[in-house]
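Here the structure is laid out as C-alpha cells; the discussion comes afterwards.
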There are 2 protein chains.
Amino acid sequence: MDITPVTRTAVSDVVFGQLVAEILSGRLAAEEALPGERELAERFGVNRHAIREALKRVQQSGLVRISQGGKTRVLDWRANAGLDTLSQLVSAGALPPLQILRDIAEMRRSVAADAARLCAERASDEQRAAVLAAAESYPTDSASIADTFGPDMDFWTAVIEGTGNVAYRLGLNTLVAGFTEVGWQTVVDLGLGEEYVDRDAHIDLARLIVDRDAAGAHRLAEELLGRTVARIAAAIKE
Amino acid sequence: MDITPVTRTAVSDVVFGQLVAEILSGRLAAEEALPGERELAERFGVNRHAIREALKRVQQSGLVRISQGGKTRVLDWRANAGLDTLSQLVSAGALPPLQILRDIAEMRRSVAADAARLCAERASDEQRAAVLAAAESYPTDSASIADTFGPDMDFWTAVIEGTGNVAYRLGLNTLVAGFTEVGWQTVVDLGLGEEYVDRDAHIDLARLIVDRDAAGAHRLAEELLGRTVARIAAAIKE
DNA sequence: CGCAGCCCACTGGTCCAACCAGTTGACCTG
DNA sequence: CAGGTCAACTGGTTGGACCAGTGGGCTGCG
C-alpha cells in the first residue's frame with residue numbers, strides 16, 4: 001500500500017497557478033487586458049476575494065500591472081519578472097525543462113564558483129571548518145544521486161554561508177526551488193549529475209577553501225559544476 | 001514648485017510591508033507564531049480580507065508557513081526566502097544598505113562576467129550587433145552617473161539576452177530591483193560607479209563579444225564590474 | 001489515580017453582498 | 001464642434017456569516 005499525504009490546495013492557489021501559466025506560456029500577451037475580477041470570479045467559479053488574493057500575487061511576481069479604476073494588464077515577464085518566477089516557468093510549460101535546467105546549472109556554476117573564491121578569502125575559521133565537515137559528510141561511492149542531494153545542499157550552503165553574501169544565499173534558495181520544480185527525476189533519467197557523486201573533488205575543494213587558496217577554489221568549483229553544465233548541454237543537443 | 005505624483009498605497013500593501021519588515025528585521029523570530037488573522041485585522045485597523053491578501057504574499061515570499069487550523073508561523077528567511085526578497089531587505093532595514101549593495105555588486109559581477117562569456121560563445125549575429133550598438137549608445141565623458149544608468153541597463157540587457165539564459169534574464173531584473181531600492185543616491189554620494197562612465201571599456205567589451213572572444217570578454221567584464229565591488233568594499237571599511 | 005477519547009474553542013478558508021474610489025468614454029450642452 | 005458632465009465600468013474595502021481543519025482541555029471510564 002502506497003500512501004501519499006492528501007494535498008489540499010487553496011482555491012486562490014489554483015487561480016494563481018492558472019493565471020501565471022496563461023501569462024508565462026504567452027497565451028496572454030503583454031499589454032493585453034485581463035477580464036475584470038468579477039468576471040474572473042464567475043468564470044473560475046470562485047469568490048472574488050480568491051481572485052484578488054491570486055491577482056495580488058501575480059502582481060508581486062511582476063507579471064501584471066494593476067491600477068484602480070483601470071483594467072489589469074499583462075506585463076512582459078522577461079523584462080519584469082523576478083528570479084523567483086523561474087520555478088513557475090517549469091510548471092507553466094513555458095520553456096522546455098532541459099533548457100531551464102541548463103540555465104539553472106549555468107547560473108549555479110558562476111555563482112557557486114565565485115562563492116568558493118569569496119569563502120576562501122574571507123570566511124571565518126569556523127565557517128571554513130564547517131565547509132570541510134560538510135564535504136566529509138558526502139556518501140562514499142556507491143550512493144545513488146538522490147541520496148547525495150542532501151549532503152550536496154549542505155556543502156554549498158556552508159560555502160555560501162562563508163561568503164556572508166545574502167544575495168548568494170537567497171539566490172541559492174531560488175535556484176534550488178526551480179531545480180526541485182523540474183524534478184530530479186529528469187536528472188536521474190538523463191544520467192546527469194556525475195559531479196554529485198564525486199566525493200573526493202568536494203573534499204579537495206573544501207581543503208582549498210580551508211587553505212585560503214581563493215584562485216584554486218574558484219578554478220576547481222568552476223570545473224566541478226561545469227561538468228553538469230556540459231552534460232545538460234550534451235543532452236539538449238540530442 | 002515641486003510636484004510629485006500622489007502615491008495611493010493599498011492597505012494590503014502596507015500590511016504586507018510591515019509584516020515583512022517585522023520578520024526580516026528579526027523582531028519576529030523564526031518558528032514564532034503570528035497573531036491570528038482576526039487579531040491582526042483589529043490591530044492594523046483594517047478588514048480581515050486585506051490581512052489575508054498580505055499574508056498570502058508573505059507566504060509566497062517564503063517568510064511564513066500557513067496551515068489551516070493551525071497557527072501561521074514565521075520561517076527562517078535566510079533558508080527559505082527567494083532572491084526577490086532582496087529588495088525588501090533594504091526597506092526593512094534588516095541589513096546595512098552598503099552590505100546589500102556589495103552583495104548585489106558581487107553577484108552582478110559573477111553573473112554578468114559569465115554572461116559576457118556565454119554571449120560571445122553563442123549569441124546570434126544580430127544579438128552581438130545589438131550589444132555593440134548598446135555600447136556605442138553610452139554617453140561620452142562628461143555625463144553624470146544618473147544619465148548612464150539607462151544605457152548601462154540596455155547594454156547588459158543586450159548581453160544577457162545574447163546568452164539565451166532565462167535565469168540570468170530574470171536574475172538581472174531582481175538585482176536591478178534591489179539596487180533601485182537602495183537608491184542610487186547612495187551610489188552617487190559615495191562616488192561609486194566610476195565603471196559606469198567608462199564608455200571605452202564597454203565598447204572594447206562589445207568588440208570582444210562580437211569577435212567571439214569568450215575568454216577575453218569574460219576577463220574584461222569581470223575586471224570592469226570588479227571595480228564597483230572594490231569601491232564598495234573600500235567604502236565599507238571606512 | 002491515570003489515561004484514552006471526546007468535544008469545543010480557536011485557527012485559517014470561502015463565500016455573499018454591499019459600498020467606496022478612481023478611470024474612461026459616451027453623451028449632452030453651449 | 002468643443003467642452004464639460006455623468007454614468008458605467010474598473011479595482012479597493014468593508015462587514016458578516018459560515019465551513020473546515022487543529023489542538024488542548026475536560027470528562028469519564030478502567
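Values below: every heavy atom of this structure, side chains too, minus hydrogens, waters and symmetry copies. Proteins get letters first, then strands, A, B, ... in listed order; numbering begins at 1 in each.
- Among the atoms of the strands shown, only primed sugar atoms or phosphate atoms (P, OP1, OP2) are found under 4.0 Å from some heavy atom of Ile66(A).
- Under a cutoff of 6.0 Å and an axis angle of 45°, Arg57(A) and Phe16(A) form a cation-pi pair.
- In terms of phosphate contacts, Arg8(B) brings no side-chain nitrogen or oxygen within less than 4.0 Å of OP1 or OP2 of dG12(D).
- Taking side-chain N and O atoms only, Thr72(A) has a distance below 4.0 Å to OP1 or OP2 of dG11(D).
- Below the 3.5 angstrom threshold, one finds a donor paired with an acceptor across the side chain of His49(B) and the base of dG16(D).
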Derivation and outcome, salt bridge (Lys or Arg N to Asp or Glu O under 4.0 Å), residues Arg199(B) and Glu136(B): CA-CA 8 Å; Arg199(B) 176 190 157 99; Glu136(B) 285 169 342; over 6 Å; no
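- Take the nearest nucleotide of DNA chain C for Gly70(A) and for Leu34(B): the residue whose nucleotide is more 5' is Leu34(B).
- Each ring-ring contact (aromatic ring centres under 6.0 Å, His included) pair with one or both residues in residues 62-95 of chain B, not counting sequence neighbours, would appear here, but there are none.
- In summary, Asp13(A) and Lys56(B) engage in a salt bridge, as defined by a charged side-chain N under 4.0 Å from a carboxylate O.
- Note that the first and last nucleotides of DNA chain C, 5' to 3', having any atom under 4.0 angstrom from a heavy atom of chain B are dT11(C) to dT23(C).
- Between the side chain of Arg48(A) and the base of dG12(D), a donor-acceptor pair under 3.5 Å is found.
- Under a 4.0 Å N-O distance rule, the pair Glu42(B)/Arg38(B) does not qualify as a salt bridge.
- Among residues at least two apart or in separate chains, ring-ring contact (aromatic ring centres under 6.0 Å, His included) pairs with a member in residues 18-52 of chain B are His49(A)-His49(B).
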